[in-house]
Asks: 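Mind looking over this structure? Questions follow.
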Amino acid sequence: LEHRSRDSHSCPEVPVRKEVSGSGGSTSYPCTFENCRGRELLPVICPQCQKHFCLAHRHQDDHKCEKLETPKPRMVATQELVQKIVESKKNAPTSKGRKGAKNSATAAKVALMKLKLHASGDKGLPQTERTYFQVFLPKESPTSSLPMFFSSKWSVGKVVDWAASQASLKNNNNVLTAKKLRLCHPETGEALKMDAGLQSLLSLPDSPLYNGGNVILEYLDNESPGVDVTAYILSS
């Protein structure tokens, strides 16, 4: 307690300048950000650098805080993955797009015949609703992939739950802090929205999913946009 005041411990930080207005003698607290003339009736102190700011400059980014932390390694990795996905879409050859899509559709039709012989799923589903995928499982799984079928009327979230059950995977999607089991696109690696309908993804004009094609199942952090597909399909 003996050295709690600024004067007694020779505080190097900018001292608080209190100004008293002419009317009523009320105290105001000037903003210490360069060239800012803002004032507040109550102190607004940055918890990191302990300096006073106006409401417009109260956040670390806004006042260029000298103690602003650098991005965490996981965030850097996430940003790199986002950039990789963006670049893969940007560098995709436009002239061969339709030819590539036609080849993917043809390959899926051939694979579909094999999948129908071995795929597991809800036997009660009508044949007209069944959509077949070779599901590539998370890296930590002892099995690389399994053939499964789902209803085209299901959401991605329900597909994930059913696939997790079929492959005996831990599913903590209802736990806020846990990694989430996500379904990812086999070409872009992008994590598909959980509320998206499977039928709508099969009907997309660009980069659709194919009945008889591949999908990737992986545990992702909440902020992760997807996976690197080469770690799954090409290496299997």
Side-chain angles (χ1 to χ4, degrees), residues 85 97-222 224-236:
I85 291 175
R98 291 194 174 276
K99 183 178 180 181
K102 184 179 292 185
N103 290 341
S104 297
T106 302
K109 288 180 180 179
V110 174
L112 180 59
M113 293 185 286
K114 297 180 181 179
L115 286 175
K116 286 183 176 181
L117 298 175
H118 307 290
S120 61
D122 183 357
K123 304 299 183 182
L125 289 176
Q127 291 289 338
T128 54
E129 287 185 20
R130 295 186 184 186
T131 300
Y132 294 78
F133 293 122
Q134 186 70 29
V135 181
F136 285 81
L137 303 179
K139 293 178 182 178
E140 63 185 48
S141 177
T143 306
S144 62
S145 67
L146 289 173
M148 303 183 192
F149 65 85
F150 313 92
S151 171
S152 59
K153 296 182 178 180
W154 288 358
S155 66
V156 169
K158 188 170 182 179
V159 169
V160 169
D161 291 340
W162 185 268
S165 175
Q166 291 290 300
S168 300
L169 298 175
K170 184 183 296 184
N171 186 358
N172 290 327
N173 284 6
N174 59 337
V175 179
L176 184 62
T177 56
K179 285 189 174 183
K180 304 299 187 291
L181 195 57
R182 300 293 301 274
L183 195 69
C184 301
H185 196 283
E187 295 176 3
T188 66
E190 186 176 0
L192 304 173
K193 293 181 179 180
M194 298 292 274
D195 59 351
L198 188 55
Q199 184 61 60
S200 64
L201 296 173
L202 293 166
S203 305
L204 289 174
D206 297 317
S207 299
L209 295 182
Y210 294 103
N211 187 10
N214 302 318
V215 290
I216 301 170
L217 204 59
E218 185 56 272
Y219 295 102
L220 299 177
D221 293 318
N222 290 328
S224 179
V227 299
D228 179 2
V229 298
T230 59
Y232 301 85
I233 299 175
L234 297 183
S235 62
S236 62

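Just so you know, residue 1 is the first one in the sequence shown, and it goes up from there.
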Asks: Going from CH2 on W154 to CG on D161, what distance comes out if it is rounded to the nearest 0.5 angstrom?
Replies: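 Answer for the CH2-CG pair, W154 versus D161, is 9.5 Å.
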Asks: Using only atom types and a distance under 3.5 Å, with no angle test, would you say the side chain of N173 pairs donor to acceptor with the backbone of L181?
Replies: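 Flag set: sc N173 to bb L181 pair under 3.5 Å.
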Asks: Which pair of non-hydrogen atoms, one from G213 and one from A108, has the smallest distance, and what is that distance?
Replies: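 That would be N-CB, 4.0 Å.
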Asks: Distance-only check: which donor-acceptor pairs under 3.5 Å involve side-chain atoms of residues 109-128, not counting sequence neighbours?
Replies:
unit_1 : atom_1 : unit_2 : atom_2 : d
S120   : OG     : Q166   : OE1    : 3.0
D122   : OD1    : G124   : N      : 3.0

Asks: Can you tell me if CG on D206 sees more than 12 non-hydrogen neighbours from other groups inside 6.0 Å?
Replies: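 No - once you tally the heavy atoms of other residues, nucleotides and ligands closer than 6.0 Å, there are 12 at most.
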Asks: Tell me, which pairs form a side chain to side chain donor-acceptor pair (under 3.5 Å) where one or both residues lie in residues 129-142, sequence neighbours left out?
Replies: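 Passing the test, one end in residues 129-142: E129-S151, E129-K153, Q134-S145.
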Asks: Ignoring hydrogens, what is the shortest heavy-atom contact between A167 and L146? Give both atom names and the distance.
Replies: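 Closest pair (atom of A167, atom of L146, distance): CB-CD1, 4.0 Å.
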Asks: Quick one: are L137 and P142 in side-chain contact, heavy atoms under 4.5 Å?
Replies: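 Contact flag for L137/P142 side chains = no.
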Asks: Using the side chain to side chain contact (heavy atoms under 4.5 Å, CB included) rule, take L209 and H185 through it: C-alpha gap first, then chi angles, then the decisive distance, then the call.
Replies: CA-CA 7 Å; L209 295 182; H185 196 283; 3.9 Å; yes
Asks: Should F133 and F149 count as side-chain neighbours, where that means a heavy-atom distance under 4.5 Å?
Replies: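 With C-beta onward as the side chain, the pair stays apart.
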Asks: List the atom pairs, donor and acceptor, that lie under 3.5 Å between side-chain atoms in residues 192-204 and the rest of the protein, sequence neighbours left out.
Replies:
unit_1 : atom_1 : unit_2 : atom_2 : d
Q199   : NE2    : S203   : OG     : 3.3
S200   : OG     : G197   : O      : 2.6
S203   : OG     : Q199   : O      : 2.9

Asks: Over all heavy atoms of both residues, which pair between D228 and T230 is shortest? Give the atoms and the distance, please.
Replies: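 In this case the closest contact between D228 and T230 is OD1-OG1, 2.8 Å.
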Asks: Quick check: closest heavy atoms across A191 and C184, and the distance to 0.1 Å?
Replies: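 Closest heavy-atom pair between A191 and C184: CA-SG, 3.9 Å.
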Asks: How many angstroms lie between atom CD1 of I216 and atom OG1 of T188, to the nearest 0.5 angstrom?
Replies: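 Here the interatomic distance stands at 8.5 Å.
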Asks: Does some side-chain heavy atom of F136 sit less than 4.5 Å from a side-chain heavy atom of T143?
Replies: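 SC-SC contact between T143 and F136 ruled out.
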Asks: Just by distance, do the side chain of Y219 and the backbone of K170 share a donor-acceptor pair under 3.5 Å?
Replies: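 Yes; at least one donor-acceptor contact below 3.5 Å.
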Asks: Is there a side-chain contact between L217 and V215, using heavy atoms and a 4.5 Å cut-off?
Replies: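 The answer is no, as the side chains (C-beta and beyond) never meet within the 4.5 Å cut-off.
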Asks: Could you pull out the closest heavy-atom pair between D221 and K179, with the gap in Å?
Replies: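 For D221 and K179, the tightest heavy-atom pair comes out as OD1-CE, 3.2 Å.
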Asks: Hey, mind stepping through N222 and K180 against side chain to side chain contact (heavy atoms under 4.5 Å, CB included) and telling me if it holds?
Replies: CA-CA 7 Å; N222 290 328; K180 304 299 187 291; 3.4 Å; yes
